[in-house]
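These numbers were taken from a predicted model, which means no experiment stands behind them. Naming convention: chains lettered A, B, ... in sequence-line order (proteins, then strands); numbering from 1 in each chain.
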Amino acid sequence: MSTEKELIREKLVSNYNSIFEKKLIDEIVEVGSLQSLKNGEILIDIDDEMTHIPLLINGVVKIMRADESGDDIVLYYLEKGDTCAISFVNCINRSKSMFKGIVKKDMEGIFIPVCLIDDWLKKYESWRHFIIDSYHLRLMEMVESIDRLAFLKLEERVYKYLNDKVAIEKDNTLIITHQEIADDINTSRVVVSRLLKRLENEGKIAIRRNKIILEDLL
DNA sequence: ACATTAAGTGATT
DNA sequence: AATCACTTAATGT
């Protein structure tokens with residue numbers, strides 16, 4: 001047996017022994033290839049063809065999606081013991097990657113050709129569980145990302161709301177309560193209070209009782 | 001001084 | 001982000 005295969009087996013056993021059954025580990029050792037990528041290298045880019053699936057041994061990969069303005073939206077991070085379950089969909093229907101994966105910490109992973117992924121789902125219970133768990137985890141992390149984005153949007157909405165109000169009143173000191181704002185933008189008072197606190201810390205507004213003073217206008 | 005209402009906080013889901 | 005359960009601060013009577 002070659003040195004590389006021994007190395008792969010060793011790394012698999014120390015990181016995935018509790019998850020994968022023995023026969024599956026044997027098979028991964030047969031077909032997997034060990035690769036390492038350095039910080040900043042691109043693991044996968046949008047529209048790339050998926051040819052291999054990585055099982056992370058160590059390091060960190062940031063998975064993201066580019067938005068309209070060219071900013072990147074971070075979806076989730078991959079660490080040791082993780083895999084990019086979303087890419088399995090790409091494997092099965094042979095589509096291209098929707099995401100970009102960039103190495104954030106020198107990474108080492110065992111790469112598995114995509115053609116085997118589907119077979120293993122039928123063949124190995126441990127593989128099936130691994131994929132489903134991973135998929136679930138990824139989904140949860142994405143939901144968190146969505147929450148964060150929604151939160152940012154809400155802060156913007158509040159600020160815009162205040163500016164609109166100032167334009168109408170023709171006075172940069174608004175007589176308004178947090179509750180009223182909350183009612184107008186359909187959220188809770190607590191949330192508004194916290195958002196306003198943030199805006200205040202950013203120096204955009206000053207908060208008094210029943211009053212909000214807009215420092216500089218939008 | 002006391003009651004009422006607005007705003008702030010921490011924990012939980 | 002929303003809700004709950006409290007606390008704290010400001011105001012009116």
Problem - Nearest atoms (heavy-atom pairs only) where Glu21(A) meets Glu125(A) - result: OE2-N, 3.5 Å
Fill in the blank from the handout: Closest heavy-atom pair, Leu121(A) versus Ile131(A), reported as atoms and distance to 0.1 Å, is CD2-CG1, 3.9 Å
To the nearest angstrom, how far is [X] atom [atom1] from [N] atom [atom2]?
X	N	atom1	atom2	result
Ile207(A)	dA6(B)	CD1	C1'	12 Å
Glu144(A)	dA2(C)	CD	P	16 Å
Ile212(A)	dA7(B)	CD1	P	7 Å
Lys153(A)	dA2(C)	NZ	C1'	19 Å
Lys211(A)	dA10(C)	NZ	P	13 Å
Asn210(A)	dT4(B)	CG	P	18 Å
Arg208(A)	dG8(B)	CZ	P	11 Å
Gln179(A)	dA10(C)	CD	P	20 Å

Practice task
Applying side-chain contact (heavy atoms from CB on, under 4.5 Å), name anything that partners Leu137(A), two or more places apart in sequence or on another chain.
Solution key: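 Expected list: Asp82(A), Glu141(A).
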Fill in the blank from the handout: Residues in residues 189-201 of chain A with a heavy atom under 4.0 Å of DNA chain C, by number, are Val190(A), Val191(A), Arg194(A)
Handout entry: Phosphate-side-chain proximity, His178(A) and dT5(B), N/O vs OP1/OP2 below 4.0 Å
Key =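 His178(A) to dT5(B) OP1/OP2: no side-chain N or O under 4.0 Å.
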Exercise for the section: Take the angle between the ring planes of Trp127(A) and Trp120(A) and call it parallel below 30°, perpendicular above 60°, tilted in between. Expected result: perpendicular
Practice task
Answer yes or no for Lys23(A) and Tyr124(A): cation-pi contact, defined as NZ/CZ to six-membered ring centre under 6.0 Å and angle to ring axis within 45°.
Solution key: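 Relative to the ring axis of Tyr124(A), which defines the angle, Lys23(A) lies outside at least one limit.
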Handout entry: Pair of N/O donor and acceptor under 3.5 Å linking dT5(B) base with Arg209(A) side chain
Key = yes
Using a 3.5 Å cut-off and no angle test, enumerate the donor-acceptor pairs between side-chain atoms of residues 42-52 of chain A and protein atoms at least two apart in sequence or in another chain.
unit_1: Asp48(A); atom_1: OD2; unit_2: Asp45(A); atom_2: N; d: 2.9

